[in-house]
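Here's the structure, in structure tokens; my notes come after.
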Amino acid sequence: NMAVIGEFSSGKSSFINALLRDNLLETDVIQGTTVASTLIGYSPKKVLLTSGEGGRGKKTRTLESSAALAKLLQMYTSGENKEENTQYLEVGYPSDFLQQGICIIDTPGTNSLEQWHEDVTKQAIRERADACIILTSAEKPFPESFCRFLEDNLQDVLQTCVFVITKI
């Protein structure tokens, strides 16, 4: 399980889309495009599983097209479906990259206006990640707030992290 971590608008969703060779995740320059962590793993069909607190209220949907999956996923990751109280998302996706046994965890950006975005990212790191891809933008590499986030949350596991500079 490989978590993709970075400040908001650092290119996390664009990076994941590049790995998948598809525009599955919404990308935007505004803050808060992703507000829920999402585990993306291999499946021969396009599947979205939502789960509420404590694993209750699980819903699985199989979708025919990438566009339909992307649209539904965007509704959950943007927070539009808050009334369903979804705690986490899992996506099954037919990708050669994922078929190698890799799962990608898309996380909300750090240094957001909403502290709970960072809390969701911290939880994904602690409970689900085996390794982390740390993204930083060439436009403002390693702002102080991001360095503090890394020190507070990844200091013990930096040897399992890969650092990527985006927007070069």
Side-chain angles (χ1 to χ4, degrees), residues 1-20 23-41 48-55 57-58 69-70 72-82 84-93 97-98 102-167:
N1 291 344
M2 176 179 76
V4 179
I5 299 165
E7 287 202 312
F8 68 88
S9 296
S10 63
K12 294 178 301 299
S13 295
S14 295
F15 179 77
I16 293 169
N17 285 342
L19 291 175
L20 298 175
N23 289 325
L24 179 65
L25 302 175
E26 181 182 26
T27 60
D28 203 332
V29 295
I30 63 167
Q31 189 177 147
T33 305
T34 304
V35 297
S37 66
T38 304
L39 182 92
I40 306 168
L48 175 64
L49 173 103
T50 60
S51 184
E53 191 173 340
K58 286 188 177 185
L69 175 58
L72 186 59
L73 188 57
Q74 188 273 331
M75 288 175 61
Y76 282 100
T77 60
S78 69
E80 285 180 42
N81 279 10
K82 282 186 180 178
E84 291 189 26
N85 197 25
T86 300
Q87 298 294 309
Y88 67 89
L89 304 169
E90 292 184 31
V91 174
Y93 198 75
F97 180 75
L98 299 174
I102 296 169
C103 291
I104 301 170
I105 304 169
D106 183 25
T107 61
T110 65
N111 199 24
S112 167
L113 296 174
E114 302 288 343
Q115 176 61 42
W116 64 269
H117 289 189
E118 277 192 17
D119 295 340
V120 170
T121 298
K122 290 174 190 178
Q123 183 177 7
I125 293 167
R126 281 193 304 271
E127 295 179 7
R128 302 180 113 187
D130 298 313
C132 297
I133 304 281
I134 312 291
L135 300 186
T136 189
S137 170
E139 298 170 342
K140 52 176 184 160
F142 289 104
E144 185 178 332
S145 60
F146 191 49
C147 288
R148 192 170 35 257
F149 177 85
L150 295 175
E151 287 175 3
D152 292 346
N153 297 286
L154 294 172
Q155 192 168 36
D156 297 339
V157 294
L158 283 177
Q159 68 277 10
T160 66
C161 297
V162 174
F163 291 81
V164 176
I165 299 173
T166 61
K167 302 182 183 182

Could you go through residues 147-156 and list every donor-acceptor pair under 3.5 Å that involves a side-chain atom there, pairing it with any protein atom two or more places apart or in another chain?
residue	atom	partner	partner atom	Å
Arg148	NH1	Glu144	OE2	3.4
Asn153	ND2	Phe149	O	2.9

Residue pair [X] / [Y]: nearest heavy atoms and the distance that separates them:
| X | Y | result |
| --- | --- | --- |
| Lys140 | Pro143 | O-CD, 3.2 Å |
| Thr166 | Ser10 | OG1-O, 2.6 Å |
| Glu7 | Ser145 | OE2-OG, 2.8 Å |

Would you find a donor on one side and an acceptor on the other, under 3.5 Å apart, between the side chain of [X] and the backbone of [Y]?
| X | Y | result |
| --- | --- | --- |
| Thr27 | Ser14 | no |
| Asp106 | Thr38 | no |
| Thr121 | Pro108 | yes |

Point to revise | With sequence neighbours excluded, residues passing side chain to side chain contact (heavy atoms under 4.5 Å, CB included) with Ala18 | key: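 Result, side chain to side chain contact (heavy atoms under 4.5 Å, CB included) vs Ala18: none returned.
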
Tabulate below the donor-acceptor pairs under 3.5 Å that side-chain atoms of residues 128-137 make, not counting sequence neighbours, or state none.
residue	atom	partner	partner atom	Å
Asp130	OD2	Asn1	N	2.9
Thr136	OG1	Phe142	N	3.0
Ser137	OG	Glu139	N	3.0

Roughly how far, to the nearest 0.5 Å, is the [atom2] atom of [Y] from the [atom1] atom of [X]?
| X | Y | atom1 | atom2 | result |
| --- | --- | --- | --- | --- |
| Ile125 | Ile5 | CD1 | CD1 | 3.5 Å |
| Gln74 | Ser13 | CD | OG | 10.5 Å |
| Phe146 | Thr110 | CZ | OG1 | 5.0 Å |
| Leu98 | Cys103 | CG | SG | 7.0 Å |
| Leu72 | Leu48 | CG | CG | 5.0 Å |

Check your understanding: So does Leu49 have more than 12 non-hydrogen atoms from other groups sitting under 6.0 Å from CG?
Key ->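 Above 12, so yes.
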
Exercise for review: Take Asn17 and Leu24 through the side-chain contact (heavy atoms from CB on, under 4.5 Å) test and state the conclusion after the steps.
Suggested key: CA-CA 6 Å; Asn17 285 342; Leu24 179 65; 4.0 Å; yes

Check your understanding: Do Met2 and Leu19 come close enough that some side-chain heavy atom pair is under 4.5 Å?
Key ->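 Yes. Closest side-chain heavy atoms under 4.5 Å.
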
